[in-house]
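One structure below.
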Amino acid sequence: TVIPCTNYQLDGWTRSHSVTGAHPNTRIGLDPTGTQLTKSQSSGAVASLPALTSWSSMGTQLFTWEHFTAQAEAFGDQITAIVYAAPQPGSDQSHYYDIYFDALSLTEIAFPDDRLPAPSSWAPTGFISNLTTNYVSSTLTVEWDTASEASTQVWYSIENPSEPVTSTTPYTYTAYLPLIASFRPPTAYMTTLDTTPVLHHHAVITGLESSQHVTLVALSRRPTGTSCTTEASELVKVAVGSGQMTTLDSSLVRELIPDPVQQP
């Protein structure tokens, strides 16, 4: 039993004994769909191996312990760990095989940079709803709901207010000049990823000032049976002090929140 849409790593050791020239062909694997391979959990022949299994490299050595690793993201609340051997004889057809597996362990591992994989599309699908924010004592709390249990993370950037470049005093004559501006991508951050599947989500952004604006998108990753999908909320800009929320074009997410890092 595992946490859906969480990465896992299977580690183990194998040792093969046979005649010179034989090929051990040993490996270990993780099936992310949690297929039961036999008629019961304790016995039965394996007729076929799951197509989505993530395999380690293949063992090639004799009379030595080899370390193997396989990684997979769980597509549900179960995954299947597989130890595999298909030894082949060498040129000498007189052969024997002794195959040992030992010290296997299954551990949860983080996504690269502790960041949820980006969604295939930033357009909201309706899976995330009721996005709200609340600012108290330099902390902005972001909450939302999902249609089914999923993980929790917010990507965001912070904008400081700027003073007018010129005086706003009225003039007798007005001349309209073309606006020339440059855009510097903001530094983007993300909240700590929580892979615990829940329906109501809660994340906090700390160290804010009431005069600032925060552009954010809420993300939740959910299982779909044969894969996991990251869902996105609307892209919104929040005036921290007043709580006013403005919806932005979702296609601007990668421009306004590029490659987020852990919040400072």
Quick one: pull up [atom1] in [X] and [atom2] in [Y] and give me the separation to the nearest 0.5 Å.
X	Y	atom1	atom2	answer
T206	Y189	OG1	OH	11.0 Å
L140	I205	CG	CD1	5.0 Å
I82	S56	CD1	OG	10.5 Å
I257	Y156	CD1	OH	10.5 Å
L30	T80	CG	OG1	9.0 Å
I28	M58	CD1	CE	12.5 Å

In one Ile/Leu/Val/Met/Phe/Trp/Tyr side-chain cluster, 4.5 Å: [X], [Y]:
X	Y	answer
I79	L104	yes
L256	L208	no
L106	F101	yes
L219	M190	yes
W144	Y135	yes

Please find the pair of heavy atoms, one from [X] and one from [Y], that lie closest to each other, and give the distance.
X	Y	value
S54	A72	CB-CB, 4.1 Å
T26	S16	CG2-OG, 3.8 Å
A188	P258	CB-O, 3.3 Å
S233	L131	OG-CD2, 3.9 Å
A218	I128	O-CD1, 3.4 Å
P87	A85	CD-C, 3.6 Å

pair [X]-[Y]: side-chain heavy atoms closer than 4.5 Å:
X	Y	result
P24	T14	no
D113	V261	no
P4	F75	no
W122	V217	yes
T6	F111	no

For residues 63-82, pull every pair meeting salt bridge (Lys or Arg N to Asp or Glu O under 4.0 Å), keeping only residues two or more places apart or in separate chains.
->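 As it turns out, the salt bridge (Lys or Arg N to Asp or Glu O under 4.0 Å) pairs with a partner in residues 63-82, which skip direct neighbours, are E73-R221.
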Pairs involving residues 201-219, ordered by first then second residue, that meet salt bridge (Lys or Arg N to Asp or Glu O under 4.0 Å) (sequence neighbours left out) |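 Residue pairs with at least one partner in residues 201-219: there are none.
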What do the steps show when you test T33 against T35 for side-chain hydrogen bond (donor to acceptor under 3.5 Å, both in side chains), and what is the final call?
-> CA-CA 6 Å; T33 61; T35 306; 3.1 Å; yes
side-chain contact (heavy atoms from CB on, under 4.5 Å) partners for D114, two or more places apart |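 D114 satisfies side-chain contact (heavy atoms from CB on, under 4.5 Å) with A110, Q262 only.
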Where does the angle between the aromatic ring planes of W13 and H67 fall among parallel (under 30°), tilted (30 to 60°) and perpendicular (over 60°)?
->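 Aromatic pair W13/H67 classed tilted.
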Can a cation-pi geometry be assigned to R15 and Y100, taking NZ or CZ under 6.0 Å from the six-membered ring centre and within 45° of the ring axis?
->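 Here R15 fails the 6.0 Å and 45° test against Y100.
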Please say whether the positively charged group of R222, taken as NZ for Lys or CZ for Arg, lies over the ring of F127, i.e. under 6.0 angstrom from the six-membered ring centre and within 45 degrees of the axis.
->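 Pair R222/F127 counts as cation-pi.
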Considering only distance and modelled atom types, tabulate donor-acceptor pairs under 3.5 Å from the side chains of residues 235-247, sequence neighbours left out.
unit_1, atom_1, unit_2, atom_2, d
K237, NZ, E159, OE1, 2.9
S242, OG, Q244, N, 3.2

Short question: side chain of T53, backbone of P50 - any donor-acceptor pair under 3.5 Å?
->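 Yes, T53 side chain to P50 backbone: donor-acceptor pair under 3.5 Å.
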Quick check: does any side chain N or O of D31 sit under 3.5 Å from a backbone N or O of G34, one acting as donor and the other as acceptor?
->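 Yes: the side chain of D31 pairs with the backbone of G34.
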Please confirm whether H17 and F63 have ring centers closer than 6.0 angstrom.
->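 Yes, they do, as the ring centres are separated by less than 6.0 Å.
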Just by distance, with hydrogens left out, do N7 and Q9 show a side-chain donor and acceptor under 3.5 Å apart?
->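 Q9 and N7 do not have a side-chain donor-acceptor pair below 3.5 Å.
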Side chains of D11 and T69, donor plus acceptor under 3.5 Å =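 Yes.
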Pairs meeting criterion side chain to side chain donor-acceptor pair (under 3.5 Å) with involvement of residues 146-155, two or more places apart |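 Sorted result for residues 146-155: T146-H201, T152-H201, Q153-W155.
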Apply the test side chain to side chain contact (heavy atoms under 4.5 Å, CB included) to residues I3 and E108: give CA-CA distance (whole Å), side-chain angles for both, the deciding distance (0.1 Å), then the verdict.
-> CA-CA 9 Å; I3 302 173; E108 180 182 334; 4.0 Å; yes
Apply salt bridge (Lys or Arg N to Asp or Glu O under 4.0 Å) to E234 and list each qualifying residue two or more places apart in sequence or on a separate chain.
->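 Checked E234 against salt bridge (Lys or Arg N to Asp or Glu O under 4.0 Å); zero matches.
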